[in-house]
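Shown next, in structure tokens, is the structure this report addresses.
Throughout, residue positions are numbered sequentially from 1 according to the sequence presented. Not measured: the values here are computed from a predicted model.
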Amino acid sequence: QVQLAESGGGLVQAGGSLSLSCAASGSIFSINDMGWYRQAPGKQRELVATITRDGSTSYRDSVKGRSTISRDNAKNTVYLQMNSLKPEDTAVYYCNARVVLLTRQGTFMYWGQGTQVTVSS
């Protein structure tokens, strides 16, 4: 099995910065795409940013220019640096990873349990 563990959430004032990290562990052969999603109260989960194994990135429009996704393949870890945070960025942030298992029997999507990010005005 595979586990994703997020860290780095917390409370920050508007205009501040926060860095999230997510480490994958378990029966991993390799990891393809990794990403960050978020879910605010009463809203659907939405994509924040994704990164491919070779480092190609994509962002939702509302975070472009304020956020940077990166990864360390050797550590099976993905990061999200968020700057100029706004109250509307408040949400539970989840990481995910598309994992090729050691058994090589398919590719599966795994999710972390989420970390709360709260931006005060």
Side-chain angles (χ1 to χ4, degrees):
Q1 282 293 351
V2 174
Q3 299 80 39
L4 300 185
E6 299 113 335
S7 62
L11 174 64
V12 64
Q13 289 188 333
S17 298
L18 213 56
S19 181
L20 307 181
S21 64
C22 172
S25 62
S27 303
I28 299 169
F29 173 73
S30 67
I31 302 178
N32 297 332
D33 294 355
M34 303 184 82
W36 288 95
Y37 288 70
R38 67 187 182 188
Q39 187 167 18
K43 295 187 177 181
Q44 290 187 333
R45 190 172 298 189
E46 62 185 21
L47 174 66
V48 178
T50 61
I51 184 168
T52 64
R53 183 169 180 80
D54 64 4
S56 296
T57 60
S58 65
Y59 300 89
R60 71 178 299 106
D61 287 345
S62 62
V63 305
K64 281 182 182 178
R66 301 189 296 119
S67 298
T68 302
I69 187 171
S70 60
R71 64 188 285 176
D72 184 332
N73 291 332
K75 296 181 179 179
N76 289 331
T77 299
V78 62
Y79 307 93
L80 184 67
Q81 175 67 39
M82 300 185 292
N83 303 318
S84 301
L85 283 162
K86 305 174 182 179
E88 51 264 43
D89 293 317
T90 295
V92 178
Y93 284 69
Y94 299 89
C95 67
N96 76 347
R98 195 176 299 276
V99 176
V100 179
L101 298 178
L102 285 174
T103 60
R104 318 281 183 92
Q105 293 177 352
T107 302
F108 300 91
M109 180 72 77
Y110 292 91
W111 291 86
Q113 292 189 334
T115 185
Q116 177 70 47
V117 171
T118 303
V119 184
S120 63
S121 56

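With sequence neighbours excluded, the residues that form a salt bridge (charged side-chain N to carboxylate O under 4.0 Å, His left out) with Arg60 are Glu46. When the salt bridge (charged side-chain N to carboxylate O under 4.0 Å, His left out) test is applied to Lys64, the partners found at least two apart in sequence or on another chain are Asp61. Remark: Thr57 engages Ile51, Tyr59, Ile69 in a side chain to side chain contact (heavy atoms under 4.5 Å, CB included) (not counting sequence neighbours). With sequence neighbours left out, the salt bridge (charged side-chain N to carboxylate O under 4.0 Å, His left out) criterion links Glu88 to no other residue. Every residue two or more places apart in sequence or in another chain that forms a side chain to side chain contact (heavy atoms under 4.5 Å, CB included) with Asn76 is listed here: Ala24, Ile28, Ile31. Evaluation of the side chain to side chain contact (heavy atoms under 4.5 Å, CB included) rule for Ala5 yields no partner, not counting sequence neighbours. Residues satisfying the salt bridge (charged side-chain N to carboxylate O under 4.0 Å, His left out) test with Arg66, not counting sequence neighbours, are Asp89.
Identified under the disulfide bond (SG atoms under 2.5 Å apart) test for residues 1-116, with sequence neighbours left out: Cys22-Cys95. Within the structure, no pair that satisfies the salt bridge (Lys or Arg N to Asp or Glu O under 4.0 Å) test touches residues 10-30, not counting sequence neighbours. Every pair passing ring pair (Phe, Tyr, Trp, His ring centres under 6.0 Å) that includes a residue from residues 100-121 is listed here, sequence neighbours excluded: Tyr37-Trp111. For residues 61-105, no residue pair satisfies the ring pair (Phe, Tyr, Trp, His ring centres under 6.0 Å) rule, not counting sequence neighbours.
Between Ser67 and Gln81 the shortest side-chain heavy-atom distance does not fall below 4.5 Å. A heavy-atom distance below 4.5 Å is not found between the side chains of Asn83 and Thr68. A 4.5 Å side-chain heavy-atom check between Thr107 and Asn32 finds at least one atom pair inside the cut-off. In this structure, the side chains of Arg38 and Thr90 stay at 4.5 Å or more apart for every pair of heavy atoms. Val2 has its side chain within reach of Val99: a pair of non-hydrogen atoms, C-beta onward, lies under 4.5 Å apart.
In the hydrophobic clustering of this structure, Val92 does not group with Val63; members are Ile, Leu, Val, Met, Phe, Trp, Tyr whose side-chain heavy atoms approach within less than 4.5 Å, directly or through other members.
Using modelled atom types and a 3.5 Å distance limit, the side chains of Ser7 and Ser21 yield a donor-acceptor pair. For the residue pair Asp72/Thr77, the side-chain donor-acceptor check at 3.5 Å is not satisfied.
More than 12 heavy atoms of other residues, nucleotides or ligands shown are found within 6.0 angstrom of CD on Gln3.
Here the shortest heavy-atom pairing between Asn96 and Leu4 reads CA-CD1, 3.8 Å.
Grouping Ile, Leu, Val, Met, Phe, Trp and Tyr residues whose side-chain heavy atoms lie under 4.5 Å apart, directly or via other members, places Val100 in a hydrophobic cluster with Phe29, Leu102.
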